[in-house]
Asks: 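Questions regarding the structure given below will be posed in turn.
Convention: sequence-line order gives letters A, B, ...; per-chain numbering from 1. Only a predicted model underlies this, so the values are computations on that prediction, with no experimental measurement involved.
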Protein chains: 2
Amino acid sequence: MAGTETSKIPQHRKLYELLRKHIVEGVYPKGSLLPSENELCSTHDVTRPTVRQALSRLASEGYIIKHQGKGSIVRSLPKGIGILSLQGTTSGVGKHNLKTKPISKPYTRKWPEDFPFDLSELELESGCIVLERTRIVDGSPVLYEISYIPNINLPRFTNKSFENKSLFDVMRSNYDIEVIGGNQKIMAILANKEIGNYLNIEEGDPILKLERKLETNRSGYSFYSSIYCNTNNFYLEGSF
Amino acid sequence: MAGTETSKIPQHRKLYELLRKHIVEGVYPKGSLLPSENELCSTHDVTRPTVRQALSRLASEGYIIKHQGKGSIVRSLPKGIGILSLQGTTSGVGKHNLKTKPISKPYTRKWPEDFPFDLSELELESGCIVLERTRIVDGSPVLYEISYIPNINLPRFTNKSFENKSLFDVMRSNYDIEVIGGNQKIMAILANKEIGNYLNIEEGDPILKLERKLETNRSGYSFYSSIYCNTNNFYLEGSF
DNA sequence: ATACATAACTTGTAATTACAAGTTATAAAA
DNA sequence: TTTTATAACTTGTAATTACAAGTTATGTAT
């Protein structure tokens, strides 16, 4: 019962994983041609439909571009599938000097009355853990984020430190929870006194607001974030 | 030479387009099951690999979710490409409430001096086709969009009608150009007089601004959009 | 040397066959 | 009535064959 699991993985998927790995690792540099379908057939001992299935997925995910009569050209690395599909908000503002500062310790409360997403029965009765943080870029606060995490089976969560740590990382490393997708609502608003205070701007300045729902690998388990962003000096950037 | 063009379109693509159309039009409501692969085979007189190719694309674009042993379930929103899906803050507004109104006929011009993305030599010397449109939801303008399309090998483009048509759809169905990825910058700004006029709001109201680059399956060919969105009553919504 | 035809590639389309594996409704057995 | 096994679905995997169509290099004739 040792290595039986790997042999259950279909061939097209194994080939996909391998090629994908090679692409992101630079074995096939961007702009170069992948081996032809027939070459891949013989080197991996599969038939062309199988190879094409693997290549088809790579193409649909943006790793390669296929050209009839020419071949499959390696494309630049896709950052993610979706608008602002950030690994946390960190990658959104680029590689500036970014620090995360907790405003308070995580605390539990009931869900807000005007919560922008529908909640399940279980989520509602469990309440939520709230995490308030600001993100500081080059010394000035740019993001103010409130995260709402359903208080379901997260032992010692409020004791964890989030200083300069991504919520995503904490969830994955401590609880094996991975974000697999999500949904977000984006709007422009005017800063009120509270938000203006957090972001060090005037009341009435334009603010980018995001309401995000992050779906995880735990079926039915999601967490949520409200993000307020001062885009006077920095804009949010996303690849898809 | 009349109807030869349509017969050149491969069967899996015709089936994909048809099913996609039926899904977005609600012929197959969200949550419902699509006809089984074998049913689709017989009704459209093709074989299962062809059907599976069409369904595979629908699945990868988020229109359906396939379940082994069960069937293909229609999903709510297409993930990934585009945030052209608007949703109201009060109640869900379907796509049927959304109308696209061209402000002027498409016209060619040189690229703007302060264009927010880098352009290639070829793009620069070719100039661009500009498309100005507003999107109207329930009678009130919500989006103002300027699209910049490199004037390269797009026969009769300025004669095409964009009334209530997606630019994506026109590019795909007329020129076989598909958006495979992109990059966007998002910020909140205050409306000036011109934008306020287009969106029927006051000067100084908060506006969501997007600068987007859309990469296509034509190597090196991208098109661009600047989007101004009034999010007082509607927000932009995206899945990933 | 240049132009053009051709051969040797490449991916695209599509039908066919076979079986594996997951889901669901039905019918028989407890 | 409840449980269980089975049959009849569903999609998933995979090999095989055949030809169409686009690209590129290699020629030969001009």
Asks: Return no unless some side-chain N or O of Arg52(A) is found under 4.0 Å from OP1 or OP2 of dT11(C).
Replies: no
Asks: State, yes or no, whether a side-chain contact exists between Phe157(B) and Asn174(B) at a heavy-atom distance under 4.5 Å.
Replies: no
Asks: Side chain of Glu37(A), heavy atoms from C-beta onward: which of dT10(D), dG12(D), dT11(C) has the nearest atom to it?
Replies: dT11(C)
Asks: Kindly give the atom pairs (protein nitrogen or oxygen, nucleotide nitrogen or oxygen) under 3.5 Å for nucleotides 16-21 of chain D.
Replies:
none

Asks: Whole-Å distance between dG12(D) C1' and Lys70(B) NZ?
Replies: 17 Å
Asks: Please round to the nearest 0.5 Å and tell me the distance separating atom SG of Cys128(B) and atom CZ of Arg109(B).
Replies: 6.0 Å
Asks: More 5' along DNA chain D: His67(A) or Thr50(A), using each one's nearest nucleotide?
Replies: Thr50(A)
Asks: Taking the six-membered ring of Tyr235(B) as reference, does the NZ or CZ atom of Lys209(A) fall below 6.0 Å from its centre and within a 45° cone about the axis?
Replies: no
Asks: Might you list the N or O atoms of the protein lying below 3.5 Å from N or O atoms in nucleotides 4-7 of chain C, with each pair's distance?
Replies:
none

Asks: NZ of Lys66(A) versus P of dC9(C): gap in Å, rounded?
Replies: 19 Å
Asks: Can you check side-chain contact (heavy atoms from CB on, under 4.5 Å) on Arg13(A) and Arg57(A), steps first, answer last?
Replies: CA-CA 9 Å; Arg13(A) 192 144 188 288; Arg57(A) 182 166 170 193; 3.9 Å; yes
Asks: Could you state the CZ-P distance from Arg13(B) to dG12(C), rounded to the nearest angstrom?
Replies: 13 Å
Asks: Does a side-chain N or O of Gln11(B) approach OP1 or OP2 of dT13(C) to a distance below 4.0 Å, or not?
Replies: no
